[in-house]
Engineer: 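Once you've had a glance at the structure underneath, I'll fire off some questions.
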Amino acid sequence: MKRGDPAPDQARLPLAEAILRYVERMPARFHTPGHKGRAGTGPLGWWLDRAAELDLTEVPGLDDLHAPTGAIRDAQALAAALWGADATWFSVNGSTGGLQALFWAAAGPADTVLLPRLAHRSAIGGLLVSGARPRYYPITLDQLGLPLPAAPEQVAAALAHCPVRAVLVTSPTYHGRVADVAALASLAHRHGAALIADEAHGAHFGFHPAYPGSSLASGADAAVQSPHKTLAAWTQAAWVHVKGGRLDPERVSVALDWLQTTSPSYLLLASLDLARWQMAREGPDPWGRLAERAQALAAALAGQPGIGVAGDRDPVAAPRDPARLVLDVEGLGVTGWAVADALQSRGVVAETADFRTVVLLLGPWDPPDWDRQLLAAVAAVAAAPPAGPRPPDGWLELARAVAAEWGEQVLPPAEALRRPRRQVALSRAAGHVAAEAISPYPPGTPVTVPGERIRPEAVAYLDLVAEGGGRVQGARDPTLETVQVLA
Ligand SMILES: Cc1ncc(COP(=O)(O)O)c(C=O)c1O
């Protein structure tokens, strides 16, 4: 609270009531968390119902996340066995905390890490924690403006220029595309670097042949996964896997020990145990049924006027997550954000949207009536599209420009964050050195990185996102009229 603000009314419950209002509207949830608020009907029900009673700490018998010798050690070992890792750690700070720990374990202030332009902002957090310098490889956007996964040629070209300790790959991407992890792993290894996979959206991979295999199975040295996104773990719960000898498990353990709270929530930790148990117990069948359901749903959605489903017309069937449907709404003449708002007013909440697409996250535990609700809502929006806005001219070119090129890295992000800063109008920010990592959110991939010279394309792109109705994170000024730069 700022000095001079009116005294707040302490009888209010702004957050708790906002959550209750959302739940009471009973929307069809095509978004994370993966349990979709319905774990109560599945094997996790008793857990949800008794949450307060089960919220415990390091009392006798419950082990210690920071020195596990009992139940937590066993639960982590079971997860490692099911996901094919040599070692797995539980994270109560999502894949975000996991990536930070892996970066710290892989590289120090004298090192460089190779990462995709448009990496999730948690990778930038990894640079802050490790002090390492970033080097980027470009990301190509497809005709819908969606990032394609890392191309081995682009990674090879970047690796040819300077030695790096680790290479990061985002696979699957936020939109469900999968990289050739095997090719990337052998490239990284030939250059003496570890391959770290940001598999936040792929905890369900490798369990059923309709889905891509896991990145660990393809040769990655480490992976983070957010089972809260696609499995039934609770929001914030994630795991960190390591395999092979390129990343020292001892260092990963030390990093997680320092970076995680000393009061980890046992509800989160146990939800990881339960999510693993559910996958082992239910086996691949629910995922096979989900892939079939997704295919039928995609065909029905693509039959609506003005609506396409990404991937339907791919010349080569690129590996992708079948549980993620990306609607191409260009034919409706308005932005994906406008369509997502229109769907929301009809009781259907999408995972995310952008200038041209709307992303729907399907889960094996969704009730059947949600698909009917979705189809009815999409049909209504297709028949009477919202009035606007239209995607602004030039958005795709700008999006491509920020994915493929970047400004000079004047200072490592960790150093830039400590420097004095000042606020300038966004319109005048080009040429200054960024003090903030500003990302459209979702997907949370920074367009400016601390310590990097801001390019005019980045300014123009952020301007279009803000005008188009997208949210951004990382800017002190949420209106984006101004941004922080180094003084
Ligand atoms: C690609 C990617 N990586 C990492 C993360 C961070 O995951 P978490 O929310 O579990 O910290 C996200 C979150 O949205 C993500 O989309």
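Note that ligands are numbered from 1 as they come in the structure, with each ligand's atoms numbered from 1 the same way. We're numbering straight along the sequence, starting at 1.
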Engineer: Report the residues that fulfil salt bridge (charged side-chain N to carboxylate O under 4.0 Å, His left out) with D142, sequence neighbours left out, ordered by chain and then residue number.
Structural biologist: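 Counting only residues at least two positions away or on another chain, D142 forms a salt bridge (charged side-chain N to carboxylate O under 4.0 Å, His left out) with R177.
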Engineer: Name the orientation class of the two ring planes belonging to W239 and H241 (parallel below 30°, tilted from 30 to 60°, perpendicular beyond 60°).
Structural biologist: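 Taking H241 first and then W239, their aromatic rings sit tilted (interplane angle of 30° to 60°).
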Engineer: Would you please classify the geometry between the F30 ring and the W370 ring as parallel, tilted or perpendicular, with 30° and 60° separating the classes?
Structural biologist: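 Taking F30 first and then W370, their aromatic rings sit tilted (interplane angle of 30° to 60°).
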Engineer: R324 side chain to Y174 main-chain N or O, any donor-acceptor pair under 3.5 Å?
Structural biologist: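 Side chain of R324 to backbone of Y174: a pair is present.
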Engineer: If the criterion is any heavy atom closer than 4.0 Å to an atom of ligand 1, which residues make the list?
Structural biologist: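 Residues within 4.0 Å of ligand 1: G94, S95, T96, H120, S122, T170, Y174, D198, A200, H201, S226, H228, K229.
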Engineer: Output yes when a side-chain donor or acceptor of T230 lies under 3.5 Å from a complementary backbone atom of P227, and no otherwise.
Structural biologist: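 Here the side-chain-to-backbone pair does not exist.
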Engineer: Under a 3.5 Å distance rule, please check whether D63 uses its side chain to pair with a backbone N or O of I72 as donor and acceptor.
Structural biologist: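 Present.
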